[in-house]
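See structure below.
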There are 2 protein chains.
Amino acid sequence: MTHSHSETVHSPDEMTQRAYELLKESGFKLTKKRRELIDIFSNDQRYFKATEIHERLSADRPTMSYNTTYRNLYDFAEIGILEMTEYNQEQMFKVSCFPNTHHHHFICTQCGKVIPIHACPMDQVESDLSGAEIQSHRFEVFGLCPQCAQAG
Amino acid sequence: MTHSHSETVHSPDEMTQRAYELLKESGFKLTKKRRELIDIFSNDQRYFKATEIHERLSADRPTMSYNTTYRNLYDFAEIGILEMTEYNQEQMFKVSCFPNTHHHHFICTQCGKVIPIHACPMDQVESDLSGAEIQSHRFEVFGLCPQCAQAG
DNA sequence: CTCTTTGCAAAACATTTGCATGCCT
DNA sequence: AGGCATGCAAATGTTTTGCAAAGAG
């Protein structure tokens, strides 16, 4: 086990604590199901499909129902516990990077792992967009991570 | 009517001809329904929802069925007649930019209009991604276009 | 004790598929 | 004529909703 990209990989405990704080700040209750959900994301800081999450939660323990899973995933994304994006025609979820400095991601389309990208294109675009009201931007690079590229 | 961003707005005829060529090259037949579909996109070079397209096709003429609409939208995206992206939790479609030089877009989240962005961040990211196999990238800026910003 | 969260079931919605008929080339 | 395109209807898959019961603070 090497620690590549250790700059953005935090310990499960750190991520879990951060998630609990965000729940509290936003007035959500900390339930057993939510703890299980947060555990999955904290222990594997990559992108998951909603169905993958639901399967994991159903594996050994009593199932978390689909609607509760979805409700929590989307709620968590809204309050900043999770990052959400879409690729391979699927909605994907990952625990938010922490600390939350602005950055972008390379995302492995096979395993969901991310590699941080420090360049941000926004400083070069303002000139093209005078008069427009910028709300958000998205910059993502997709491909195979070094591990998946070797395996394939 | 001013011609802002005229560099990427081509005449409906140009877009239509280009679409017909792409259909032919890819072995698809040019049907009446497909011509209607292409007309909509050529005459309004912005992003549309699939449902919006379907409604337009159903407005005065005999309806194009949903499955034919979807089949064609996704087929057209695959052969390069359309560009496809996702925002506001919806799959959106727009006629491809022509000529097809590499660039990115500001997209108005209200009306679907686009403004080209000429900067591409990819030249700055390679160093972060050694060992990875890059397949694609996505860079999009969202907000309100000058017209929608003023109206709102 | 109160209010949120959860489960269940069903609804809503978007997309896909199989198959018979119809239309381009 | 032959093969792709289309419509219909139904299946699929994902996300949402309403409501009663259970759990957290």
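Here the structure is a predicted model, which is why all the values come from computation and not from measurement. Excluded from the calculations below are hydrogen atoms, water molecules and symmetry mates; all remaining heavy atoms, backbone and side chain alike, are included. Letters A, B, ... are given to chains in the order of the sequence lines, protein chains preceding strands, and every chain is numbered from 1.
- A donor-acceptor distance shorter than 3.5 angstrom exists from the side chain of B/Q45 to the backbone of B/S42, with no hydrogens or angles considered.
- Here B/N43 pairs with nothing under the side-chain hydrogen bond (donor to acceptor under 3.5 Å, both in side chains) rule; sequence neighbours left out.
- Remark: A/H54 engages A/Y66 in a ring pair (Phe, Tyr, Trp, His ring centres under 6.0 Å) (not counting sequence neighbours).
- We find that NZ of A/K32 is positioned 11 Å from C1' of D/dG23, with the value rounded to whole Å.
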Using nucleotides 2-4 of chain C, report all nitrogen or oxygen pairs with the protein that are shorter than 3.5 Å.
unit_1 : atom_1 : unit_2 : atom_2 : d
C/dC3  : O2     : A/K29  : NZ     : 3.1

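- C/dT5 atom C1' lies 14 Å from atom CD of A/E36, rounded to whole Å.
- Of the candidate nucleotides C/dT17, D/dT15, C/dT15, C/dT15 has the atom nearest to the side chain of B/Q91.
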When the side chains of residues 72-82 of chain B are checked against the rest of the protein, which donor-acceptor pairs come out under 3.5 Å, sequence neighbours left out?
unit_1 : atom_1 : unit_2 : atom_2 : d
B/N72  : OD1    : B/R34  : NE     : 2.9
B/N72  : OD1    : B/R34  : NH2    : 3.2
B/N72  : ND2    : B/T68  : O      : 3.3

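- Listed candidates were C/dT6, C/dT15, D/dT14. Nearest to the side chain of A/E90 is D/dT14.
- When distances are taken from the side chain of B/T68 to each of C/dT15, C/dT6, D/dG7, the shortest belongs to D/dG7.
- Spacing between atom OH of B/Y20 and atom P of C/dT25 amounts to 11 Å, rounded to whole angstrom units.
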Identify the pairs formed between an N or O of the protein and an N or O of nucleotides 9-11 of chain D at a distance under 3.5 Å, and give each distance.
unit_1 : atom_1 : unit_2 : atom_2 : d
D/dA9  : N6     : B/N67  : ND2    : 3.2

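- Distance NZ (A/K49) to P (D/dG13): 12 Å, rounded to an integer number of Å.
- Set against C/dG18, C/dT6, D/dA5, the side chain of A/T31 has C/dT6 as its closest nucleotide.
- Within 4.0 Å (heavy atoms only), A/Y66 reaches no atom of the nucleic acid at all.
- In this entry the distance linking CG of B/N72 with P of C/dT17 reads 15 Å, nearest Å.
- For A/Y70, taking side-chain heavy atoms from C-beta onward, the closest of the listed nucleotides D/dT6, D/dT15, C/dG7 is D/dT15.
- The CZ atom of A/R71 sits 8 Å away from the P atom of C/dG7 (whole-angstrom rounding).
- At a non-hydrogen distance threshold of 4.0 Å, nothing from residues 76-88 of chain B comes into contact with DNA chain C.
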For residues 18-28 of chain A, tabulate all N or O donor-acceptor pairs below 3.5 Å that involve a side-chain atom, not counting sequence neighbours.
unit_1 : atom_1 : unit_2 : atom_2 : d
A/R18  : NH1    : A/E21  : OE1    : 3.3
A/S26  : OG     : A/L22  : O      : 2.9

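- Look at A/K33 and you won't find any side-chain N or O under 4.0 angstrom from OP1 or OP2 of D/dA24.
- Computed from coordinates, the A/Q89 CD to C/dA14 C1' distance equals 12 Å when rounded to whole Å.
- In the set D/dT6, C/dC24, D/dT14, the nucleotide with an atom closest to the side chain of A/T51 is D/dT14.
- As judged by a 4.0 angstrom heavy-atom cut-off over every strand, B/S65 is placed among the base-contacting residues.
- Remark: A/S96 pairs with A/E83 by the side-chain contact (heavy atoms from CB on, under 4.5 Å) rule, at least two apart or across chains.
- Residues A/A50 and A/Y70 approach most closely at CB-CE2, 3.4 Å, considering heavy atoms.
- Distance, A/M64 CE to C/dT5 P: 12 Å, rounded to whole Å.
- Sorted by first and then second residue, the salt bridge (Lys or Arg N to Asp or Glu O under 4.0 Å) pairs with a member in residues 135-147 of chain A read A/R138-B/E86, A/R138-B/E140, A/E140-B/R138; sequence neighbours excluded.
- A search for salt bridge (Lys or Arg N to Asp or Glu O under 4.0 Å) contacts involving A/R46 returns A/D44, A/E52, not counting sequence neighbours.
- By the side-chain contact (heavy atoms from CB on, under 4.5 Å) test, A/S136 pairs with B/F142, sequence neighbours left out.
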Worksheet entry | Derivation of the ring pair (Phe, Tyr, Trp, His ring centres under 6.0 Å) call for A/F41 and A/F93 | CA-CA 9 Å; A/F41 284 104; A/F93 301 85; 7.2 Å; no

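- The salt bridge (Lys or Arg N to Asp or Glu O under 4.0 Å) pairs that include a residue from residues 141-152 of chain B number zero, where partners must be two or more places apart or lie in different chains.
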